[in-house]
Amino acid sequence: MEKVAFIINPFSAKKNYLPFLNELKNKVQNPLYYISESILGTEEFIQTHFCDVDFFVAIGGDGTISTVAKSLINTDKILAIFPAGSGNGFSNETQFSKNLDELLDKLKAKKSRKIDTFTVNDKLSINVSGTGFDGKVVKEFEKTNRGFKNYIKVSLKTFFNYKPIKLKFFDENYKQYNGKYLMVNIANTRQFGNNAYIAPMASKSDGLVDMVLVKKFPLTYSPLFAFRMFTKKLKEDDYITYLPVSEIEFKVNTKNWHLDGEFNKIKSPIHIKVQPSSLNILI
């Protein structure tokens, strides 16, 4: 496997990456791997081995995968994944499991396909990004030990105190949607992670993202919202609007965003742009 490189985020999966690494060493002779301590370190490792490696395997969550993908956009290099995050939304959507044998079989088969990515003010996103309630939850979530239970706790606490954000479009065709929203999500795939499907009809290979506008809803609507989200049945109603777009600009009165689950400060105006067929994924 001299043409495969494994990039490990040691802070994912509650910092318990050694079982993966030990299994890898047992099943692959002298694997090329890098235990990343920074985004810059990951980028330098990829550039150092770029000419010698065909497959870069990201071991971590959506943020780790996005960091690796950033160096592979619009190249012939292929991204593979071993999910080790708290939500693993992108891994779920691209059919990667926590089974090393299965991953090694895929690497031997060498089959791949191209998928879309998108940018938020030139910052890469591969899965789902958002602002409003969503961005605030991620900001508070990063102060915890992560995990699904902590995500639910932070979400509930934030929901009761959160004031909706103001959204304003520049394009006349979308000004009817100007207003106040609980959150605004940009979905290249269907789910946040943990099988929470915010955009059940989204496709990662149609040249579009689903812009999901969610108005603040009463507490009595919460069980229905949650049920629909976890059963892939969210749809447009009085509180939810879906706008499939390839490129769009707007303003929001907050800088709090998350890009693939990682907190970012991004100033308005916001420019969303799809990059069609820009990333090679192992299948």
Side-chain angles (χ1 to χ4, degrees), residues 1-9 12-13 17 19-21 23-36 39 42-43 45-118 124-128 187-193 195 202-207 209 259-262 274-283:
M1 290 222 168
E2 66 278 8
K3 293 185 178 181
V4 180
F6 297 85
I7 299 169
I8 301 169
N9 180 351
S12 291
Y17 67 92
F20 168 83
L21 185 56
E23 186 182 4
L24 178 66
K25 289 179 177 178
N26 286 333
K27 294 181 175 178
V28 177
Q29 186 176 7
N30 298 319
L32 173 62
Y33 69 90
Y34 172 67
I35 300 174
S36 176
I39 292 174
T42 294
E43 291 173 346
F45 173 81
I46 293 173
Q47 291 307 311
T48 298
H49 297 280
F50 195 80
C51 294
D52 308 318
V53 171
D54 296 320
F55 302 89
F56 288 91
V57 184
I59 298 93
D62 286 352
T64 303
I65 297 164
S66 186
T67 297
V68 175
K70 183 179 178 182
S71 295
L72 311 183
I73 293 295
N74 294 318
T75 74
D76 60 353
K77 305 303 178 181
I78 298 168
L79 174 69
I81 301 162
F82 186 89
S86 55
N88 300 316
F90 189 74
S91 302
N92 293 341
E93 290 293 285
T94 47
Q95 287 77 56
F96 285 96
S97 69
K98 295 182 180 181
N99 184 314
L100 183 55
D101 288 329
E102 188 177 300
L103 175 61
L104 295 177
D105 286 343
K106 285 184 175 183
L107 287 166
K108 288 175 184 175
K110 300 180 180 180
K111 293 182 180 179
S112 65
R113 61 171 292 203
K114 289 183 179 289
I115 65 167
D116 303 335
T117 61
F118 70 97
L124 178 69
S125 180
I126 58 174
N127 196 53
V128 178
N188 186 44
T189 74
R190 301 174 298 168
Q191 64 170 292
F192 289 125
N195 298 310
S203 167
K204 54 190 174 293
S205 56
D206 62 354
V209 288
L259 302 181
D260 299 322
E262 299 294 321
V274 176
Q275 302 180 101
S277 302
S278 53
L279 180 64
N280 281 313
I281 289 282
L282 188 69
I283 58 173

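All residue numbers in this chain count up from 1 along the given sequence.
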Taking all non-hydrogen atoms of both residues, which atom of [X] and which atom of [Y] are closest, and how far apart?
{"X": "Ser97", "Y": "Pro83", "answer": "O-CD, 3.4 Å"}
{"X": "Phe90", "Y": "Ile126", "answer": "CE1-O, 3.5 Å"}
{"X": "Gly63", "Y": "Glu262", "answer": "CA-CG, 3.6 Å"}
{"X": "Ser91", "Y": "Ile81", "answer": "OG-CG2, 3.2 Å"}
{"X": "Gly87", "Y": "Asn92", "answer": "O-ND2, 3.8 Å"}
{"X": "Ala80", "Y": "Leu103", "answer": "CB-CD1, 4.2 Å"}

Test side-chain contact (heavy atoms from CB on, under 4.5 Å) on Val128 and Thr189; report intermediate values, then the result. CA-CA 7 Å; Val128 178; Thr189 74; 4.2 Å; yes
Can you tell me how far the [atom1] atom of [X] sits from the [atom2] atom of [Y], to the nearest 0.5 Å?
{"X": "Asn74", "Y": "Ser278", "atom1": "CG", "atom2": "OG", "value": "5.5 Å"}
{"X": "Leu104", "Y": "Glu23", "atom1": "CG", "atom2": "CD", "value": "8.0 Å"}
{"X": "Asn127", "Y": "Gln191", "atom1": "CG", "atom2": "CD", "value": "7.0 Å"}
{"X": "Ser112", "Y": "Leu107", "atom1": "OG", "atom2": "CG", "value": "11.5 Å"}

Is there a side-chain contact between [X] and [Y] in this structure, where contact means two heavy atoms from C-beta onward sitting under 4.5 Å apart?
{"X": "Val4", "Y": "Val28", "answer": "no"}
{"X": "Ile7", "Y": "Ile46", "answer": "yes"}
{"X": "Ile59", "Y": "Thr64", "answer": "no"}
{"X": "Phe6", "Y": "Phe20", "answer": "yes"}
{"X": "Lys110", "Y": "Phe55", "answer": "yes"}

How about [atom1] on [X], more than 12 heavy atoms from neighbouring residues, nucleotides or ligands closer than 6.0 Å, or not?
{"X": "Lys27", "atom1": "NZ", "value": "yes"}
{"X": "Ile39", "atom1": "CD1", "value": "no"}
{"X": "Lys114", "atom1": "NZ", "value": "yes"}

Could you give me the CA-CA distance, side-chain angles and deciding distance for Asn280 and Leu72, then say whether side-chain contact (heavy atoms from CB on, under 4.5 Å) is met? CA-CA 8 Å; Asn280 281 313; Leu72 311 183; over 6 Å; no
What residue among Leu259, Ile73, Leu279 forms side-chain contact (heavy atoms from CB on, under 4.5 Å) with Leu124? Ile73
Do [X] and [Y] have a side chain donor and acceptor closer than 3.5 Å?
{"X": "Asn9", "Y": "Ser12", "value": "yes"}
{"X": "Ser125", "Y": "Asp260", "value": "yes"}
{"X": "Gln275", "Y": "Thr117", "value": "yes"}

Against the six-membered ring of Phe56, is Lys77 placed for a cation-pi contact (under 6.0 Å from the centre, within 45° of the normal)? no
Centre of Phe96's six-membered ring, under 6.0 Å away, within 45 degrees of the axis: is that where NZ or CZ of Lys106 sits? yes
Return yes if some donor-acceptor pair links the side-chain N/O of [X] with the main-chain N/O of [Y] below 3.5 Å, else return no.
{"X": "Glu93", "Y": "Arg190", "value": "yes"}
{"X": "Asp116", "Y": "Ser277", "value": "yes"}
{"X": "Asn88", "Y": "Gly85", "value": "yes"}
{"X": "Asn99", "Y": "Glu102", "value": "yes"}

Checking side-chain contact (heavy atoms from CB on, under 4.5 Å) for the pair Leu32/Phe45: CA distance, chi angles, key distance, verdict? CA-CA 11 Å; Leu32 173 62; Phe45 173 81; 4.1 Å; yes
Kindly indicate, with the supporting measurements, whether the criterion side-chain contact (heavy atoms from CB on, under 4.5 Å) is fulfilled by Leu21 and Ile35. CA-CA 10 Å; Leu21 185 56; Ile35 300 174; 4.2 Å; yes
